[in-house]
Amino acid sequence: MSTALGYVISALPAAAMGFSIFMKLSSPEFLHQWQTQLQLPAEMASLVAVIETVLLVCYFVPATSIAAAVGLSAVLGGAVSTHLRVQDSPLPPVILGSLFWLGLVLRNPAARVVIPFWPTDAGNAAKKTH
């Protein structure tokens, strides 16, 4: 049950990030205006989109999901920093990052080890995967 719920929860931020990737790669005019508002060079969009795509694919591969979640956290941390720098709300990237981790913890027992308040059997599940 929690595995299926984990995939459903993981799909929500993945869909939002997929849309973001699509927008960065299609380069509509309003994206250039938004990047100017965030004080980001327009050329950066395609590089960020490629990085996000690789991390997003790796997030759904069980062997690389934890490392990808860390990478997604780094990307979203940069987004939080960028939003704060221009006095914009950092809430969207914080919510995405939280949903990525919640979905991962629900679908991958090995990821539960990083949650200090998770039941102790999670440590045993992580040992079984090695």
Side-chain angles (χ1 to χ4, degrees):
M1 175 62 178
S2 67
T3 302
L5 180 61
Y7 276 105
V8 169
I9 291 173
S10 294
L12 298 173
M17 186 164 274
F19 179 73
S20 172
I21 291 167
F22 172 76
M23 296 307 288
K24 287 177 183 123
L25 293 175
S26 64
S27 297
E29 181 57 36
F30 76 87
L31 179 69
H32 293 293
Q33 295 168 354
W34 184 65
Q35 285 184 292
T36 302
Q37 176 187 348
L38 292 177
Q39 301 171 2
L40 296 172
E43 311 82 52
M44 187 184 293
S46 57
L47 175 61
V48 171
V50 169
I51 292 168
E52 289 175 344
T53 302
V54 169
L55 289 171
L56 197 55
V57 169
C58 290
Y59 176 73
F60 286 102
V61 176
T64 58
S65 61
I66 295 172
V70 171
L72 287 166
S73 297
V75 168
L76 293 169
V80 167
S81 175
T82 299
H83 284 270
L84 288 174
R85 189 182 76 229
V86 296
Q87 299 175 345
D88 195 14
S89 172
L91 205 52
V94 169
I95 291 171
L96 286 180
S98 299
L99 288 173
F100 272 125
W101 275 102
L102 177 60
L104 179 63
V105 165
L106 289 174
R107 67 185 168 89
N108 185 342
R112 296 176 190 153
V113 176
V114 300
I115 309 296
F117 55 83
W118 204 269
T120 56
D121 66 329
N124 294 333
K127 291 176 188 171
K128 291 178 186 175
T129 61
H130 295 291

Can you measure from CG (L5) to CG (L106) and round to the nearest 0.5 angstrom?
-> 5.5 Å
With the 4.5 Å side-chain cut-off for hydrophobic clustering, are M17 and L25 part of the same group?
-> yes
Ring pair (Phe, Tyr, Trp, His ring centres under 6.0 Å): pairs with one or both residues in residues 40-90, sequence neighbours excluded = Y59-F100
Rounded to the nearest 0.5 Å, how far apart are OG of S98 and CG of L91?
-> 9.0 Å
Any side-chain heavy atom of V86 sitting closer than 4.5 Å to one from Q39?
-> yes
If you link I, L, V, M, F, W and Y whenever their side-chain heavy atoms are under 4.5 Å apart, who else ends up in the same group as V57?
-> none
Is it possible for you to say whether L40 and V50 belong to one hydrophobic cluster, with membership spreading through side-chain heavy-atom contacts below 4.5 Å?
-> no
State the OG-CG distance between S10 and L102, to the nearest 0.5 angstrom.
-> 8.0 Å
Cluster check I95, V105: I/L/V/M/F/W/Y, side chain < 4.5 angstrom = yes
Could you give the side-chain donor-acceptor pairs of residues 41-48 under 3.5 Å, partners two or more places apart or in another chain?
none

Tell me whether L56 is reachable from V94 by hopping between hydrophobic residues (I, L, V, M, F, W, Y) whose side-chain heavy atoms are closer than 4.5 Å.
-> no
Only distances under 3.5 Å count here; give the side-chain donor-acceptor pairs of residues 61-81 to other protein atoms, sequence neighbours excluded, each with its distance to 0.1 Å.
{"unit_1": "T64", "atom_1": "OG1", "unit_2": "C58", "atom_2": "O", "d": "2.8"}
{"unit_1": "T64", "atom_1": "OG1", "unit_2": "V61", "atom_2": "O", "d": "3.3"}
{"unit_1": "S65", "atom_1": "OG", "unit_2": "P62", "atom_2": "O", "d": "3.2"}
{"unit_1": "S65", "atom_1": "OG", "unit_2": "N108", "atom_2": "ND2", "d": "2.9"}
{"unit_1": "S73", "atom_1": "OG", "unit_2": "A69", "atom_2": "O", "d": "2.8"}
{"unit_1": "S73", "atom_1": "OG", "unit_2": "W101", "atom_2": "NE1", "d": "2.6"}

Applied to residues 11-33, the salt bridge (Lys or Arg N to Asp or Glu O under 4.0 Å) test, sequence neighbours excluded, yields K24-E52
Scan residues 72-88 for pairs that pass salt bridge (Lys or Arg N to Asp or Glu O under 4.0 Å), counting only residues two or more places apart or in two chains.
-> none
Say you draw a straight line from CG of L12 to CG of L96; how long is it, rounded to the nearest 0.5 Å?
-> 9.5 Å
